[in-house]
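First up is the structure itself, then whatever we jot down about it.
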Amino acid sequence: MPMLFTRFLKAIHRKFKFKAAIKKAERVRVLTYKKQLVIYHNRKFSIIAKQDLKTLHSQGAFKKGVPFKDILKAVTYSTN
């Protein structure tokens, strides 16, 4: 029973972190006029511009052989 409760609390915590990341991405989009992406990476939500993600991919920041489309599939939220 306690394990179920901790999973529940972790899910609630992740939900609040995700909502905060979405709000931050929207604020950054208004300031920079760039499409922002929210990615769950290393147990936290990261906010990065799509243009910057492309440069990281071309520099080899991700595993070899991973196409850019697969990285975009892992995005949890994107601004317009």
Side-chain angles (χ1 to χ4, degrees):
M1 190 70 167
M3 191 168 123
L4 183 65
F5 187 67
T6 56
R7 283 186 186 172
F8 176 70
L9 289 179
K10 285 182 182 181
I12 290 175
H13 183 260
R14 194 177 308 118
K15 181 180 174 182
F16 281 113
K17 289 287 187 179
F18 180 61
K19 284 186 178 182
I22 289 174
K23 286 180 184 178
K24 185 176 179 183
E26 291 292 339
R27 278 187 262 130
V28 172
R29 183 192 60 84
V30 169
L31 293 174
T32 62
Y33 299 104
K34 291 183 181 178
K35 186 174 189 174
Q36 300 294 321
L37 306 172
V38 177
I39 300 174
Y40 190 69
H41 183 65
N42 290 339
R43 295 185 180 179
K44 62 181 179 179
F45 291 102
S46 301
I47 300 162
I48 189 166
K50 185 174 182 180
Q51 181 180 359
D52 297 337
L53 190 66
K54 284 183 181 180
T55 57
L56 286 174
H57 180 261
S58 65
Q59 291 174 355
F62 299 96
K63 285 184 180 179
K64 236 180 187 179
V66 176
F68 188 68
K69 287 184 179 181
D70 289 346
I71 296 170
L72 289 180
K73 286 180 186 176
V75 171
T76 54
Y77 180 79
S78 65
T79 61
N80 292 331

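Only this structure's heavy atoms are used, side chains among them; waters, hydrogens and symmetry mates stay out.
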Between [X] and [Y], what is the shortest heavy-atom contact and its length?
{"X": "H41", "Y": "S46", "result": "CB-OG, 4.2 Å"}
{"X": "L56", "Y": "I48", "result": "CD1-CD1, 3.5 Å"}
{"X": "A21", "Y": "I47", "result": "O-CD1, 3.4 Å"}

[X]-[Y] co-clustered via ILVMFWY side chain contacts under 4.5 Å:
{"X": "Y40", "Y": "V75", "result": "no"}
{"X": "V66", "Y": "L53", "result": "yes"}
{"X": "I22", "Y": "L37", "result": "no"}

Report task. Keeping to residues at least two apart or across chains, list the ring-ring contact (aromatic ring centres under 6.0 Å, His included) pairs with something in residues 6-33. Result -> F18-F45

**Report entry** Pair listing, ring-ring contact (aromatic ring centres under 6.0 Å, His included) test, anchored in residues 53-80, at least two apart
**Finding:** H57-F68

Requested in this report: Could you list who else is in L31's hydrophobic cluster, with ILVMFWY side chains joined at under 4.5 Å, directly or through other members?
Outcome: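 L31 clusters with nothing; isolated.
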
Report summary line: Tracing side-chain contacts under 4.5 Å among Ile, Leu, Val, Met, Phe, Trp and Tyr outward from V30 reaches none

Requested in this report: Show the numbers, then the answer: is there a side-chain contact (heavy atoms from CB on, under 4.5 Å) between V28 and T79?
Outcome: CA-CA 10 Å; V28 172; T79 61; over 6 Å; no

Query raised in the report: So which pairs with a foot in residues 51-67 pass salt bridge (charged side-chain N to carboxylate O under 4.0 Å, His left out), sequence neighbours left out?
Result: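 Found none.
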
Report task. Kindly state each residue pair satisfying salt bridge (charged side-chain N to carboxylate O under 4.0 Å, His left out) with at least one member in residues 13-41, sequence neighbours excluded. Result -> E26-R29

